[in-house]
Amino acid sequence: MRIQPGRIEAEDYRVGGEGVGYHDTTAGNAGGAYRTDDVDIEVTGDATGAFNVGWVAAGEWLAYDVDVQASGTYTVAARVATANTTDKTLHVEVDGVDVTGPMTYNTGGAGWQVYQDVVATGVELTAGPHTLKVVFD
């Protein structure tokens, strides 16, 4: 997840467990990497990071503490992959408000490690600390 000019690694969500740092509908870390809670993390095949969050289901989310340095209009880009051939969506909330609307992606069944960026432009953010949440629709 990138919010220009910053970058958020998906696996670095807020500590605090279920309902605070994340919501995950299954027990355990299916990928077995990086953390030992219920978020599914694996080593990535992408050149942009060491880990990725996978096995996501509708309604799951990840939360992050962010400090926006300057109020302004930002672009949000999420680096995603899917082996499914149907459209998938996510959205980003800031302080409980959807700021991106649906961000739809479909890698055409290319594979779980074939990535693309899905982008939302015109995201208005105010300076200061915020809670950012990535919600998988």
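No experiment lies behind these values; they were computed from the predicted model shown. Scope of the values below: all heavy atoms of this structure, side chains included, with no hydrogens, waters or symmetry mates.
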Completion exercise
One should read off an interatomic distance between E18 CD and H23 NE2, to the nearest 0.5 angstrom, of 5.5 Å
Problem - Donor-acceptor side-chain pairing of N84 and T86 below 3.5 angstrom - result: no
Handout entry: Nearest-0.5 Å distance that lies between atom CD in Q69 and atom CG in D67
Key = 5.0 Å
Handout entry: CA sep, side-chain torsions, deciding dist, call: R35, V15, side-chain contact (heavy atoms from CB on, under 4.5 Å)
Key = CA-CA 10 Å; R35 293 172 85 157; V15 297; 3.8 Å; yes
Handout entry: Nearest-0.5 Å distance that lies between atom CG in N106 and atom OG1 in T89
Key = 11.5 Å
Practice task
Flag the pair W61 / E93 as yes when at least one side-chain heavy-atom distance between them is below 4.5 Å, and no otherwise.
Solution key: no
Exercise for the section: Using a 4.5 Å cut-off on heavy atoms from C-beta on, say whether the side chain of V39 contacts that of Y34. Expected result: no
Problem - Minimum heavy-atom distance D117-R79, with the two atoms named - result: OD1-NH1, 3.0 Å
Handout entry: Close side-chain approach of V134 and I8, heavy atoms under 4.5 Å
Key = no
Exercise for the section: State, yes or no, whether a side-chain contact exists between Q113 and N52 at a heavy-atom distance under 4.5 Å. Expected result: yes
Exercise for the section: Tell me, with the steps shown, if R14 and T131 meet side-chain contact (heavy atoms from CB on, under 4.5 Å). Expected result: CA-CA 9 Å; R14 176 193 288 170; T131 298; 2.7 Å; yes
Handout entry: Pairwise side-chain contact, H130 with V97, heavy-atom cut-off 4.5 Å (strictly under)
Key = no
Practice task
Please determine which of V123, V99, L125, V118 meets the side-chain contact (heavy atoms from CB on, under 4.5 Å) test together with V76.
Solution key: V123
Problem - Side chain to side chain, Y13 and D37, heavy atoms closer than 4.5 Å - result: yes
